[in-house]
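Report on the following structure.
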Amino acid sequence: MSVYPIIMTQSKFIHQDHLTYPFEERGLQFGDGIYEVIRIYNGKYYLFEEHVDRLFRSAAAIKINLPFSKDELSDLLLQLLDRNKMTTDGKVYLQVTRGSAPRDHVFPIDVLPNIYAYIEDLPRKLENLRNGVSAITERDIRWENCYIKSLNLLPNVLAKQTAKENGCYEAILHRDGLVTECSSSNVYLVKDGEIYTHPTTNNILYGCVRMAIERFSLELNIPFHEDGFTVEDIGMADELFLSSSTSEIMPIVKVDNTQISTGKPGKITKLLQAAYEKDALINVNEATQTI
């Protein structure tokens with residue numbers, strides 16, 4: 001994946017080679033910051049307002065005062081696409097930290113947040129979307145404010161690495177057997193034509209694609225329950241899938257070496273994938289051929 005040359009920093013645009021920060025930077029030293037990843041299809045943002053809204057919620061949750069309005073940030077991000085002449089599939093990574101200041105646990109006074117955003121190519125994971133992926137289960141050892149999209153991701157990184165070392169795509173996290181979410185995605189169980197997922201609490205990140213899935217379910221008359229399920233329930237699922245901005249709606253066909261139902265993506269998952277593609281204005285002919 002390649003990074004596009006023009007980067008947004010603060011309220012201006014520079015070449016990526018010129019982006020520098022002092023070594024006393026609170027995101028680096030404390031993980032004192034937040035971020036968003038926004039999907040791009042055919043050079044256009046998908047679920048754009050949802051991501052911008054969540055960034056502001058996360059900023060408020062950790063007491064960072066952003067130096068611009070939602071409209072001003074949206075305009076800067078749209079300019080970022082234009083300046084890079086972005087026309088394909090990709091993602092924007094946007095990060096905000098409390099700023100640069102001498103290292104001290106207490107918030108610095110009169111310090112502006114450090115902000116930057118860059119674009120990276122990201123082709124769709126068509127083979128995985130068509131055939132499904134495998135996952136493992138891992139104990140959820142994260143903090144109690146997972147609803148904040150903060151930079152403190154070490155437990156997520158460790159879980160994702162364990163999944164990779166076991167030849168799997170994701171790690172499904174649980175607290176005392178109750179499934180919360182995955183290391184970098186939300187997760188859903190389908191049973192008897194109905195969808196179940198962890199309630200919207202501080203223990204999970206309320207994903208932007210999850211918001212869309214709730215909307216799709218309503219439109220498709222598929223019951224959607226914010227009702228948690230357990231690791232034990234996974235083995236009896238008719239379908240299992242995950243969602244995120246980079247993974248879209250991804251079928252899970254095996255967990256801890258146990259096959260889920262037929263071992264193939266199920267009917268509900270495929271219906272949601274089709275709704276996602278329509279909503280994101282993804283080429284329908286291409287989608288029909290691949291998923």
Side-chain angles (χ1 to χ4, degrees), residues 1 3-22 25-28 30-101 107-122 145-153 184 200 205-212 215 243-246 279-281:
M1 293 185 287
V3 174
Y4 284 66
I6 304 302
I7 289 178
M8 184 198 91
T9 176
Q10 309 310 93
S11 296
K12 60 184 180 181
F13 299 88
I14 63 173
H15 192 278
Q16 59 177 293
D17 293 343
H18 301 148
L19 182 65
T20 60
Y21 286 112
E25 207 287 325
R26 291 184 67 88
L28 175 65
F30 291 108
D32 188 2
I34 56 175
Y35 76 102
E36 280 293 329
V37 176
I38 309 175
R39 194 61 158 104
I40 302 167
Y41 294 113
N42 300 313
K44 298 184 183 299
Y45 291 122
Y46 180 54
L47 301 176
F48 187 45
E49 291 183 6
E50 290 88 341
H51 282 283
V52 171
D53 286 346
R54 189 172 63 183
L55 182 82
F56 275 76
R57 287 199 302 273
S58 293
I62 66 170
K63 302 179 181 179
I64 288 180
N65 294 316
L66 296 174
F68 37 55
S69 67
K70 291 180 182 180
D71 287 343
E72 289 168 337
L73 174 60
S74 298
D75 182 65
L76 288 168
L77 292 173
L78 290 169
Q79 286 187 55
L80 184 63
L81 290 179
D82 291 338
R83 288 170 182 264
N84 282 288
K85 297 180 172 58
M86 174 62 173
T87 59
T88 58
D89 294 347
K91 66 178 181 180
V92 161
Y93 179 81
L94 168 63
Q95 178 171 296
V96 181
T97 75
R98 200 171 304 279
S100 300
F107 293 172
I109 298 174
D110 297 327
V111 171
L112 289 175
N114 286 328
I115 302 155
Y116 71 89
Y118 64 87
I119 300 172
E120 190 172 12
D121 281 326
L122 183 64
N145 289 307
C146 296
Y147 76 100
I148 304 170
K149 201 168 177 68
S150 80
L151 302 180
N152 298 280
L153 295 174
S184 62
T200 306
L205 180 69
Y206 188 29
C208 294
V209 178
R210 171 177 162 145
M211 298 180 204
R215 172 162 51 88
S243 72
S244 74
S245 293
T246 55
D279 197 58
L281 303 179

* **Heavy-atom closest pair, residues Cys208 and Leu47** => O-CD1, 3.5 Å

* Structure fact -> d(Glu36 CD, Leu73 CG) to nearest 0.5 Å is 10.0 Å

* Atom OG1 in Thr97, atom CG in Leu112: separation rounded to 0.5 Å? -> 10.5 Å

* Structure fact -> Residues passing the side-chain contact (heavy atoms from CB on, under 4.5 Å) test with Leu19, sequence neighbours excluded, are Ile7, Thr9, Ile14, Tyr21, Tyr116

* To do: State, yes or no, whether a side-chain contact exists between Leu76 and Ser11 at a heavy-atom distance under 4.5 Å.
  => yes

* **Partner residues of Thr87 under the side-chain contact (heavy atoms from CB on, under 4.5 Å) criterion, sequence neighbours left out** => none

* Not counting sequence neighbours, which residues clear salt bridge (Lys or Arg N to Asp or Glu O under 4.0 Å) with Arg26? List them please. => Asp32

Without placing hydrogens or testing angles, list every side-chain donor-acceptor pair under 3.5 Å for residues 57-68, not counting sequence neighbours.
| unit_1 | atom_1 | unit_2 | atom_2 | d |
| --- | --- | --- | --- | --- |
| Ser58 | OG | Arg54 | O | 3.2 |
| Ser58 | OG | Lys149 | N | 3.2 |

* Flag side-chain contact, heavy atom, 4.5 Å: Val37 against Val92 -> no

* Structure fact -> When rounded to the nearest 0.5 Å, the distance separating CD of Glu120 from CE of Met86 is 10.0 Å

* Hey, does Val3 have a side-chain heavy atom less than 4.5 Å from the side chain of Gln16? -> yes

* Quick one: are Ile115 and Met8 in side-chain contact, heavy atoms under 4.5 Å? -> yes

* Can you find a heavy atom in the side chain of Tyr4 that is under 4.5 Å from one in the side chain of Asp121? -> yes

* Asked: Donor-acceptor pair, Asp89 side chain versus Asn42 backbone, under 3.5 Å?
  -> yes

* Just jot down the salt bridge (Lys or Arg N to Asp or Glu O under 4.0 Å) partners of Asp279, sequence neighbours excluded, or say none. => Arg215

* salt bridge (Lys or Arg N to Asp or Glu O under 4.0 Å) partners for Lys70, two or more places apart -> Asp53

* Asked: Closest approach of Val111 and Gly99, non-hydrogen atoms and distance?
  -> CG1-CA, 3.9 Å

* What residues form a ring-ring contact (aromatic ring centres under 6.0 Å, His included) with Tyr45, not counting sequence neighbours? -> Phe48

* Looking at residues at least two apart in the chain, or sitting in another chain, which of them share a side-chain contact (heavy atoms from CB on, under 4.5 Å) with Ser69? -> Asp71, Glu72

* Of all the heavy-atom pairs spanning Ser74 and Val52, show the shortest one and how long it is. => OG-CG2, 3.9 Å

* Structure fact -> The salt bridge (Lys or Arg N to Asp or Glu O under 4.0 Å) partners of Asp82 (sequence neighbours excluded) come to none

* Asked: Thr246 versus Lys91: any side-chain heavy-atom pair under 4.5 Å?
  -> yes

* State, to 0.1 Å, how close Tyr35 and Ser150 come at their nearest heavy-atom pair, and which atoms those are. => CE2-O, 3.3 Å

* To do: Might you point out which heavy atoms bring Tyr46 and Ala212 nearest each other, and give the distance in Å?
  => OH-CB, 4.3 Å

* To do: Kindly write out the residues that satisfy ring-ring contact (aromatic ring centres under 6.0 Å, His included) with Tyr118, not counting sequence neighbours, or none if the list is empty.
  => Tyr93

* Structure fact -> Hits for side-chain hydrogen bond (donor to acceptor under 3.5 Å, both in side chains) against Asn114, two or more places apart or cross-chain, chain-then-number order -> Glu25, Ser100

* To do: Could you grab the distance from atom CG of Asn152 to atom CD1 of Ile34, nearest 0.5 Å is fine?
  => 12.0 Å

* What distance do Gln95 atom CD and Leu151 atom CG have between them, rounded to the nearest 0.5 Å? -> 4.5 Å

* Just jot down the side-chain hydrogen bond (donor to acceptor under 3.5 Å, both in side chains) partners of Thr200, sequence neighbours excluded, or say none. => Arg210, Glu226

* Ile40 versus Leu122: any side-chain heavy-atom pair under 4.5 Å? -> no

* Structure fact -> Note: Gly90 and Arg39 closest approach over all heavy atoms is O-NH1, 3.1 Å

